[in-house]
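Residue indices begin at 1 and follow the sequence shown. Nothing here was measured: the structure is a model prediction, and the numbers come from that model. FYI, side chains are in, hydrogens and waters are out, and symmetry mates aren't considered; it's all heavy atoms of this structure.
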Amino acid sequence: MLDHELLRSFIAVVDTGSFTRAAAQVFRTQSAISMQMKRLEEQLDKKLFLKEGRELQLTDDGLKLVSYARRIMKLHDEALGVLAADTDSRPLLLGCPDDYATGVLPQLLSEIQKQLPGLQVQVRTGSSAQLRELIDKGELDLSILTRRPETEEGYLLLQDKGVWVAPAEGFILPDKKIRLVLVEPDCKFHSTAVDGLIKQGWPYEVSCISGNCALLIELVRRGEVATTLSSCCVPPDLYRVPDEIGLPELPTVEIVLQSAARPHRDLGADRIASLAEKTAQQLK
């Protein structure tokens, strides 16, 4: 018989790609998680993980187990939720990167209210890296994130592309120095923009760095700077710089919905999957 705590830890490792982050999410030490995964492999007499550089990869048997583990934990959490239904529900603690607060978050909140009427939601913003830390510490139940490369993190909401944004047409001209405001350096748009401009020899100046996208957008509106944003977050009054101008191409990102290893009582795996699916449909 499979221990549901082993399966919960297994899912946390799969979702985070790391024994360290999984340990934080399920409130155990890294060595305890390692021992749990060893016990699970011994119970099944199957190897579940392969080490690929710094990332953990699932074996074929590991991939087979994932779907069953999620279904087992879905039923487990659903049963606990039904039995606890008579108790007062606490607020849902939801995280969202600042740049998705207008383009993605309202659709998710709308879907939460449709599926869970009366549930209060408390929203915290920050970078995806900061929000992952809060999930790992148990300080968030659910968060919108930019998916880490080469992982299966979270439920996909939207595949989006970075775009250059200026106050108006003609603001950016070839060989003319660009004055920029950018999100923080841990964002892929920041590093790609700066590295690309350097490689192209395009003169530029970064006058402000901030995790607050509302501030960056307002600075662009004032007509003195340009920035980079996710396509879904560009206000209609700002100008999207066309590819023909020749600025460095910005990456495509996957925006996902990630749950804590121990989800909110009202959010079993089936509910989270449904919220993600319905929100993704609204974002198309």
message: Show every side chain to side chain donor-acceptor pair (under 3.5 Å) that has at least one partner inside residues 59-68, sequence neighbours left out.
response: none

- request: Look at the side chain of S128 and the backbone N and O of T146, then say whether any donor-acceptor pair between them is shorter than 3.5 Å.
  value: yes

message: Can you confirm whether I33 sits close enough to Q36 that some side-chain heavy atom of one is under 4.5 Å from a side-chain heavy atom of the other?
response: yes

- prompt: Passes side-chain contact (heavy atoms from CB on, under 4.5 Å), L65 versus L44? Steps please.
  reply: CA-CA 10 Å; L65 179 60; L44 297 167; 3.7 Å; yes

- request: Give, for atom CG of L6 and atom CD of E41, the distance between the pair rounded to the nearest 0.5 Å.
  value: 11.5 Å

- prompt: What residues, two or more places apart in sequence or in another chain, satisfy side chain to side chain contact (heavy atoms under 4.5 Å, CB included) together with N212?
  reply: D98, S210, A214, L215

- prompt: Which atom names give the shortest non-hydrogen contact between S127 and D186, and what distance separates them?
  reply: OG-OD2, 3.7 Å

- prompt: Can Q30 and T20 be counted as having a side-chain donor-acceptor contact under 3.5 angstrom?
  reply: yes

Ignoring hydrogens and angles, write down the donor-acceptor pairs under 3.5 Å from the side chains of residues 109-122, residues two or more places apart or on other chains.
{"unit_1": "E111", "atom_1": "OE1", "unit_2": "Q282", "atom_2": "NE2", "d": "3.0"}
{"unit_1": "E111", "atom_1": "OE2", "unit_2": "Q115", "atom_2": "NE2", "d": "3.0"}
{"unit_1": "Q113", "atom_1": "NE2", "unit_2": "L119", "atom_2": "O", "d": "3.0"}
{"unit_1": "Q115", "atom_1": "OE1", "unit_2": "R271", "atom_2": "NH1", "d": "3.2"}
{"unit_1": "Q115", "atom_1": "OE1", "unit_2": "S274", "atom_2": "OG", "d": "3.3"}
{"unit_1": "Q115", "atom_1": "NE2", "unit_2": "S274", "atom_2": "OG", "d": "3.0"}
{"unit_1": "Q120", "atom_1": "OE1", "unit_2": "Q122", "atom_2": "NE2", "d": "3.3"}

Pairwise side-chain contact, P97 with L131, heavy-atom cut-off 4.5 Å (strictly under): yes

task: Working to the nearest 0.5 Å, report the span between CD of Q159 and NZ of K284.
output: 12.0 Å

- prompt: Is I255 linked to L142 within one hydrophobic cluster, defined over Ile, Leu, Val, Met, Phe, Trp and Tyr using a side-chain heavy-atom separation of less than 4.5 Å?
  reply: yes

task: Determine the minimum heavy-atom distance between I135 and A260, stating which atoms define it.
output: CG2-CA, 3.8 Å

- request: Of all the heavy-atom pairs spanning E224 and P167, show the shortest one and how long it is.
  value: N-CG, 4.3 Å

- request: Could you go through the side-chain contact (heavy atoms from CB on, under 4.5 Å) check for L94 and S143 one step at a time?
  value: CA-CA 5 Å; L94 175 64; S143 186; 5.5 Å; no

- prompt: For the hydrophobic clusters of this structure (ILVMFWY residues joined by side-chain heavy atoms under 4.5 Å, transitively), does one cluster hold both L275 and L105?
  reply: yes

- prompt: Any side-chain heavy atom of V241 sitting closer than 4.5 Å to one from V163?
  reply: no

- request: Find out whether L40 and L48 are in side-chain contact, i.e. whether some heavy atom of one side chain is under 4.5 Å from a heavy atom of the other.
  value: yes

field: Step-by-step side-chain contact (heavy atoms from CB on, under 4.5 Å) determination, L58 to L50
entry: CA-CA 6 Å; L58 289 172; L50 294 173; over 6 Å; no

message: Could you check whether any side-chain N or O of H264 sits under 3.5 Å from a backbone N or O of L140, counting only pairs where one atom can act as donor and the other as acceptor?
response: no

message: Would you compute the distance between atom CG of L157 and atom CG of L145 and round it to the nearest 0.5 angstrom?
response: 9.5 Å

- request: Write down the atom of G62, the atom of F10, and the distance for their closest heavy-atom approach.
  value: O-CZ, 3.7 Å

- request: Classify the side-chain pair S18/T16 by whether it contains a donor and acceptor separated by less than 3.5 Å.
  value: no

- prompt: Under the ring pair (Phe, Tyr, Trp, His ring centres under 6.0 Å) test, which residues partner Y100, sequence neighbours left out?
  reply: none

query: Hey, mind stepping through L134 and R124 against side-chain contact (heavy atoms from CB on, under 4.5 Å) and telling me if it holds?
result: CA-CA 10 Å; L134 294 178; R124 294 184 65 172; 3.8 Å; yes

- request: Could you name each residue pair satisfying side chain to side chain donor-acceptor pair (under 3.5 Å) that touches residues 233-249, not counting sequence neighbours?
  value: K161-E249, R221-D237, S231-R240

- prompt: Passes salt bridge (Lys or Arg N to Asp or Glu O under 4.0 Å), D141 versus R90? Steps please.
  reply: CA-CA 11 Å; D141 300 307; R90 65 171 176 81; 2.6 Å; yes

- request: Could you tell me whether R70 and D15 have a side-chain N and a carboxylate O separated by less than 4.0 Å?
  value: yes

- prompt: Should L63 and I72 be regarded as members of a common hydrophobic cluster, given that ILVMFWY residues are connected when their side-chain heavy atoms come within less than 4.5 Å of each other, either directly or indirectly?
  reply: yes

field: Pairwise distance CD(E133) to CD(E139) - rounded to 0.5 angstrom
entry: 10.0 Å

- prompt: Is there a side-chain contact between E153 and E254 (heavy atoms, below 4.5 Å)?
  reply: no

- prompt: What are the two closest heavy atoms between F171 and G223, and how far apart are they?
  reply: CE1-O, 3.5 Å

message: So L257 and I272, do their side chains get closer than 4.5 Å, heavy atoms only?
response: yes

Same apolar cluster: L229 and L283, side chain cutoff 4.5 Å: no

query: So do the side chains of L108 and I144 get within less than 4.5 Å of each other, counting heavy atoms only?
result: yes

W164-I209 co-clustered via ILVMFWY side chain contacts under 4.5 Å: yes

- prompt: Do any N or O atoms from the side chain of R8 and from the backbone of A261 form a donor-acceptor pair under 3.5 angstrom?
  reply: yes

Under 3.5 Å, side-chain donor or acceptor atoms of residues 187-208 against the rest of the protein: list the pairs with distances, not counting sequence neighbours.
{"unit_1": "H190", "atom_1": "ND1", "unit_2": "V183", "atom_2": "O", "d": "2.7"}
{"unit_1": "S191", "atom_1": "OG", "unit_2": "K188", "atom_2": "O", "d": "3.2"}
{"unit_1": "T192", "atom_1": "OG1", "unit_2": "K188", "atom_2": "O", "d": "2.7"}
{"unit_1": "W202", "atom_1": "NE1", "unit_2": "K176", "atom_2": "O", "d": "3.0"}
{"unit_1": "S207", "atom_1": "OG", "unit_2": "L180", "atom_2": "O", "d": "3.2"}

message: Within this structure, what is the CE-CD distance for the pair M37 and E42, rounded to the nearest 0.5 Å?
response: 11.5 Å

message: Would you say that C232 contacts L158 through its side chain, given a criterion of any heavy-atom pair below 4.5 Å between the two side chains?
response: yes

- line: Between the OG1 atom in T227 and the CG atom in L216, the distance rounded to the nearest 0.5 Å is 4.5 Å

